[in-house]
Novice: 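Please read through the structure below; I'll follow up with questions.
Naming convention: chains lettered A, B, ... in sequence-line order (proteins, then strands); numbering from 1 in each chain. From a predicted model like this one, the values you see are computed outputs, not experimental measurements.
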2 protein chains.
Amino acid sequence: MIKITIAEVSKKYNLTQDTLRYYEKIGLIPHVPRNNNGIRNFDEESCRWIEFIKCMRSAGMQIEVLIKYISLFKQGRETLEERRNLLIEQKEKLVEKYTEIGNTINRLENKIKIYDEIAEGKRKDFMEEP
Amino acid sequence: MIKITIAEVSKKYNLTQDTLRYYEKIGLIPHVPRNNNGIRNFDEESCRWIEFIKCMRSAGMQIEVLIKYISLFKQGRETLEERRNLLIEQKEKLVEKYTEIGNTINRLENKIKIYDEIAEGKRKDFMEEP
DNA sequence: GCTTGACATGGAGTAAACTCCAAGTGATAT
DNA sequence: ATATCACTTGGAGTTTACTCCATGTCAAGC
């Protein structure tokens, strides 16, 4: 079984050691094994959790929600339904955000096009602001 | 020319009056007209800016960037190029974010599918966590 | 004339998510 | 055996984007 130090995990996932300790402290990583000196020895499961957390965080999912999810996971089978509902709810939130960002990207593209036209002299004004 | 109070703008764009005053204070709304008692009378241009700011913020664009953009806008034609570059850079950031959220949505959908299979009895384990 | 209500201001407070720091431990290299 | 290094902890500090509050002004209604 592979065990790696916090320095290695930090490098692997591009998260600071402080962030990893913080994540563990608040309950985002179910079980981080330690050696007999109290030093963390992340195993594969911890790493998978970290990767999962990182992915969810990169999309902006709130830490509170992730704490909830992991806490439900730790409680076992009886929380399957609740976990599923949580995931669905969060997915819907992300879809909403996704749409919003898509709209904003479109708007920016249009705006940039106008700037290009001004640069090419096809437009004389810049009164389309905002 | 239509002029509306902060209360009306607040309602129209679903932003608190505090937020609107804050936005003006930090330089996000180029020019908000006032009556002779110092009370804000938002005109159409202010409203367009507010709507623009709201759209950008909803996608997570940072306030600092928006302050920069508006400050460039106020300086006039000589900043056209710089504004265009700023918009392109921000658009690219949003595209990155968009992709990340898309990936996370896919991942959540797969996870939800697994939960469904467990619920239907097609899977007995839930060890696919995380 | 007085109250009410909507507005104004400056500045303090808050929430989320880290980030930094001081002080301490234990294994390893010189 | 002493220094160095990578780790540990608890707790304080930081950043971003608001949000709240105390105090004050003015116009309108009773």
Novice: Looking at the side chain of Asn37(B), which of dA17(C), dA8(C), dC26(D) is the nearest nucleotide?
Specialist: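 So the side chain of Asn37(B) is nearest to dC26(D).
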Novice: Do Lys93(B)'s NZ or CZ and the ring of Tyr98(B) fall within the cation-pi criteria of under 6.0 Å and 45°?
Specialist: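 Checked: cation-pi criterion not met.
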Novice: Rounded to whole angstrom units, what separation is found between the CZ atom of Arg21(B) and the P atom of dA8(C)?
Specialist: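 Roughly 5 Å, once rounded to whole Å.
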Novice: Salt bridge check: are Glu51(A) and Arg107(B) linked by an N-O gap of less than 4.0 Å?
Specialist: yes
Novice: Can you confirm whether the side chains of Thr99(A) and Glu96(A) place a donor and an acceptor under 3.5 Å from each other?
Specialist: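 Short answer, no.
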Novice: Without decimals, in angstroms, what is the distance between Leu20(A) CG and dC18(C) P?
Specialist: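 One finds 11 Å between P of dC18(C) and CG of Leu20(A), rounded.
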Novice: What is the distance, to the nearest angstrom, from the OH atom on Tyr22(B) to the C1' atom on dG13(C)?
Specialist: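 Taking OH of Tyr22(B) and C1' of dG13(C), I get 14 Å after rounding.
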Novice: Determine whether the side chains of Glu82(A) and Thr79(A) contain a donor N or O and an acceptor N or O closer than 3.5 Å.
Specialist: no
Novice: Got more than 12 heavy atoms from elsewhere within 6.0 Å of CD, Glu81(B)?
Specialist: no
Novice: In whole angstrom, give the distance that lies between atom NZ of Lys25(A) and atom C1' of dG11(D).
Specialist: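 Lys25(A) atom NZ is separated from dG11(D) atom C1' by 7 Å.
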Novice: Ignoring backbone atoms, test whether Thr5(A) places a side-chain nitrogen or oxygen under 4.0 Å from the OP1 or OP2 oxygen of dA6(D).
Specialist: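 Answer is no, no contact under 4.0 Å.
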Novice: Is Arg83(A) salt-bridged to Glu78(A), going by a charged N under 4.0 Å from an acidic O?
Specialist: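 No, this pair does not count.
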Novice: For DNA chain C, which residues in residues 7-17 of chain B have a heavy atom at a distance below 4.0 Å?
Specialist: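 Residues of residues 7-17 of chain B that come under 4.0 Å of DNA chain C are, in numerical order, Ala7(B), Gln17(B).
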Novice: Taking CG from Asn35(B) and P from dA6(C), how many angstroms apart are they, rounded to a whole number?
Specialist: 16 Å
Novice: Under 4.0 Å between a side-chain nitrogen and a carboxylate oxygen: does that hold for Arg123(A) and Glu117(A)?
Specialist: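 Counted as a salt bridge, because a side-chain N and a carboxylate O are separated by less than 4.0 Å.
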Novice: Could you tell me the separation between the CG atom of Asn41(B) and the P atom of dA27(D), rounded to a whole number of Å?
Specialist: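 So the CG-P distance, Asn41(B) to dA27(D), works out to 14 Å.
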Novice: Please determine if a side-chain N or O atom of Tyr23(B) lies less than 4.0 Å away from the OP1 or OP2 oxygen of dC18(D).
Specialist: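 Answer is yes, contact under 4.0 Å.
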Novice: Can you confirm whether Asn14(A) is buried at CG, in the sense that more than 12 heavy atoms of other residues, nucleotides or ligands lie under 6.0 Å from that atom?
Specialist: no
Novice: Taking only the side-chain heavy atoms of Asp18(A) (C-beta and beyond), determine which of dC18(D), dC20(C), dT9(D) contains the nearest atom.
Specialist: dC20(C)
Novice: Could you tell me how the ring of Tyr69(B) sits relative to the ring of Tyr115(A): parallel (under 30°), tilted (30 to 60°) or perpendicular (over 60°)?
Specialist: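 The rings of Tyr69(B) and Tyr115(A) stand perpendicular, inter-plane angle above 60°.
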Novice: Atom CD1 of Ile26(B) to atom C1' of dC18(D): distance rounded to whole Å?
Specialist: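 Going from Ile26(B) (CD1) to dC18(D) (C1'), I get 9 Å.
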Novice: How close or far is atom P of dC18(C) from atom CD of Glu24(A), stated in whole angstroms?
Specialist: 16 Å
Novice: Quick one: do Glu24(B) and Arg34(B) make a salt bridge, cutoff under 4.0 Å?
Specialist: yes
Novice: Which angle, to the nearest 10 degrees, lies between the helix axes at the two ends of the helix from dG1(C)-dC30(D) to dT30(C)-dA1(D), each defined by five pairs?
Specialist: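 Computed angle between terminal axes is 20°.
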Novice: Could you check whether Arg21(B) pairs with Asp18(B) (Lys NZ or Arg NE/NH1/NH2 to Asp/Glu carboxylate O, under 4.0 Å)?
Specialist: yes
Novice: Determine whether the aromatic ring centres of Trp49(A) and Phe42(A) lie less than 6.0 Å apart.
Specialist: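 Between Phe42(A) and Trp49(A), which both carry aromatic rings, the centre distance is not below 6.0 Å.
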Novice: Within residues 51-69 of chain A, which residues have any heavy atom lying less than 4.0 Å from an atom of DNA chain C?
Specialist: Arg57(A), Gln62(A), Ile63(A)
Novice: Taking the side chain of Thr19(A) as heavy atoms from C-beta outward, which of dC7(C), dC18(C), dC18(D) is closest to it?
Specialist: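 Of all the options, the side chain of Thr19(A) is nearest to dC18(C).
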Novice: Look at Arg40(A) and dC7(D) and indicate whether a side-chain polar atom (N or O) is within less than 4.0 Å of OP1 or OP2.
Specialist: no
